Amino acid sequence: MMKAEENGFVLASAENFSLKKTFECGQCFRWNLCGDGTYEGVAYGRVLRIWEENGRIVCAAKDEDIPFWHDYFDLETDYSEISVPFSEPPYLRICAEFGRGIRILKQEPWETLCSFIISQCNNIPRIKRIISAMCRLFGEELEYGLYSFPSAQRIASLSEKDLSPLRCGYRTAYILDAARYVSSGMIDFDVLSKIPSYEAFAAIKKINGVGSKVADCFLLYGLHKMDRFPVDVWMKRALKEHFPEDYDPRVLGPHAGLAQQYIFYYTRTGGIS
DNA sequence: TTCCAGGACCGGG
DNA sequence: CCCGGTCATGGA
């Protein structure tokens, strides 16, 4: 399955795992391309460097972390298989072909929730800057220049004034409300991950500043509930222009969220990789 | 200057 | 249920 190479471990074939598409399709904000072509990121307080080499995806990580990363990239799932239902309408088929290689990451729930609260009415470069600053100011240093995402407990211990250097405006109060829900145990991610997605949806929306769209992003990217289909301005446009009137994404089945990711990536890039 | 960015909330119709 | 105004901030 995975064997040691000269410089690292082979995680997968590049055929079904595109680093560029996976990290730049809009689902995550903390993976960055380095000058040498490798991507560098942090998840669950672990650092990873990962790159493509001879048609394979290779990574540098601690040996004992390899199973973790294997799961993080959802490598047990056959994405070509679960993409079979995305054959129509024609626009969706084009999106799915264009996005082949995207993996839906199993991101840290709290980080995902917080990140998509920040994302509302904001642009991606600025979202990344705010999150980066949050980690640098309130996370723990792992290696030089790389920090963990601060825990909900840590954020809950802060005031609006403490968070003011982040310059995230009205979202500050939302972040604090979310941190209190999570740190107090009123919201328990382990519980949410085990109940039906529509129940988790209702529960997470109790947080001030978490509406339908942020809730769905949290469920899809943070709890890996693949049936959720976040609808933002880009999706509204795509649905209006390329799908039948009153189209219900639920017809896409239990992995509709992957279809959403294909559509979002294609629509945002204009089909230009 | 105005508009927009992976929205949410609130009020009124 | 849907509508418009409002909420900070920064870049184009």
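Just so it is clear, the structure is predicted and the values come from calculations on it, not from any experiment. Just so it is clear: chains get the letters A, B, ... in the order the sequence lines come, proteins before strands, and each one is counted from 1. Reckoned from all heavy atoms, side chains included, excluding hydrogens, waters and symmetry mates.
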Problem set entry | Interatomic distance at P, C:dG4 relative to B:dG6, whole Å |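 That atom pair is separated by 22 Å.
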Problem set entry | Gap in Å between the two P atoms, one belonging to C:dG5 and one to B:dC3, rounded |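 Those two atoms are separated by 12 Å.
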Exercise. Hey, what do you get for CH2 (A:Trp110) to OG (A:Ser115), rounding to the nearest 0.5 Å?
Worked result: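 Here the interatomic distance stands at 9.0 Å.
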Problem set entry | Approximate separation, where rounding is to 0.5 Å, of A:Gln27 CD and A:Ile104 CD1 |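 If we round to the nearest 0.5 Å, A:Gln27:CD and A:Ile104:CD1 are 5.0 Å apart.
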For this session: Quick one: label A:Val231 by what it contacts on the DNA or RNA (base, sugar-phosphate, nothing), any heavy atom closer than 4.0 Å.
Result: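 The answer is nothing, as A:Val231 stays clear of every strand by at least 4.0 Å.
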For this session: Would you indicate what A:Gly26 reaches in the nucleic acid, counting non-hydrogen atoms under 4.0 angstrom: base, sugar-phosphate, or nothing?
Result: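 Base contact.
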In terms of side-chain heavy atoms, does [X] have a donor or acceptor partner in [Y] at a distance below 3.5 Å?
X	Y	answer
A:Asp227	A:His255	no
A:Tyr262	A:Thr267	no
A:Thr77	A:Asp74	yes
A:Arg103	A:Asn16	no

When you measure from every atom of DNA chain B, which of [range] have a heavy atom less than 4.0 Å away?
range	value
residues 160-177 of chain A	A:Tyr170
residues 211-222 of chain A	A:Gly211, A:Ser212, A:Lys213, A:Val214, A:Tyr221
residues 253-269 of chain A	A:Gln260, A:Gln261, A:Phe264, A:Arg268
residues 95-116 of chain A	none
residues 119-136 of chain A	A:Ser119, A:Gln120, A:Cys121, A:Asn122, A:Asn123, A:Ile124

For this session: Evaluate salt bridge (Lys or Arg N to Asp or Glu O under 4.0 Å) for A:Glu97 paired with A:Arg93, printing each intermediate quantity in order.
Result: CA-CA 6 Å; A:Glu97 288 173 2; A:Arg93 181 178 46 75; 3.7 Å; yes
Contacts table for residues 200-222 of chain A: side-chain donor-acceptor under 3.5 angstrom, sequence neighbours left out:
{"residue": "A:Lys205", "atom": "NZ", "partner": "A:Ser212", "partner atom": "OG", "Å": "3.2"}
{"residue": "A:Asp216", "atom": "OD1", "partner": "A:Arg228", "partner atom": "NE", "Å": "2.7"}
{"residue": "A:Asp216", "atom": "OD1", "partner": "A:Arg228", "partner atom": "NH2", "Å": "3.0"}
{"residue": "A:Tyr221", "atom": "OH", "partner": "A:Gln260", "partner atom": "NE2", "Å": "3.4"}
{"residue": "A:Tyr221", "atom": "OH", "partner": "A:Gln261", "partner atom": "OE1", "Å": "2.4"}

Problem set entry | All side chain to side chain donor-acceptor pair (under 3.5 Å) counterparts of A:His242, not counting sequence neighbours |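 Side chain to side chain donor-acceptor pair (under 3.5 Å) list for A:His242, sorted by chain: empty.
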For this session: Under the side chain to side chain donor-acceptor pair (under 3.5 Å) rule, collect the residues that match up with A:Trp31, sequence neighbours excluded.
Result: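 So A:Trp31 forms a side chain to side chain donor-acceptor pair (under 3.5 Å) with A:Tyr72.
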Problem set entry | A:Asp36: side-chain contact (heavy atoms from CB on, under 4.5 Å) partners, not counting sequence neighbours |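 Scan of A:Asp36 (side-chain contact (heavy atoms from CB on, under 4.5 Å), adjacent residues dropped) gives A:Cys34, A:Thr38.
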Problem set entry | Contacts of type side-chain contact (heavy atoms from CB on, under 4.5 Å), residue A:Thr269, not counting sequence neighbours |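 Only A:Phe98, A:Tyr265 meet the side-chain contact (heavy atoms from CB on, under 4.5 Å) criterion with A:Thr269.
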Exercise. Tell me the side-chain hydrogen bond (donor to acceptor under 3.5 Å, both in side chains) pairs involving residues 168-182 of chain A, sequence neighbours left out?
Worked result: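 Sorted pair list comes back empty.
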Problem set entry | Closest non-hydrogen atom pair, A:Ile130 against A:Arg167 |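 Closest approach of A:Ile130 to A:Arg167, heavy atoms only: CD1-O, 4.2 Å.
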Problem set entry | For the student: nearest non-hydrogen atoms of A:Leu158 and A:Arg154, plus distance |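 Heavy atoms of A:Leu158 and A:Arg154 come nearest at CG-O, 3.4 Å.
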Exercise. Taking the six-membered ring for Trp, are A:Phe149 and A:Phe138 ring centroids under 6.0 Å apart?
Worked result: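 Aromatic pair excluded; centres sit 6.0 Å or further apart.
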For this session: For DNA chain B, note the earliest and the latest nucleotide, 5' to 3', having some atom under 4.0 Å of a heavy atom belonging to chain A.
Result: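 Going 5' to 3' along DNA chain B, contacts run B:dA5 to B:dC9.
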Exercise. Does a side-chain N-to-carboxylate-O contact under 4.0 Å join A:Glu143 and A:Arg49?
Worked result: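 Yes.
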Exercise. If you measure from the Lys or Arg side-chain nitrogens to the Asp or Glu carboxylate oxygens, is any gap between A:Asp65 and A:Arg46 under 4.0 Å?
Worked result: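 Looking at A:Asp65 and A:Arg46, the cut-off is met.
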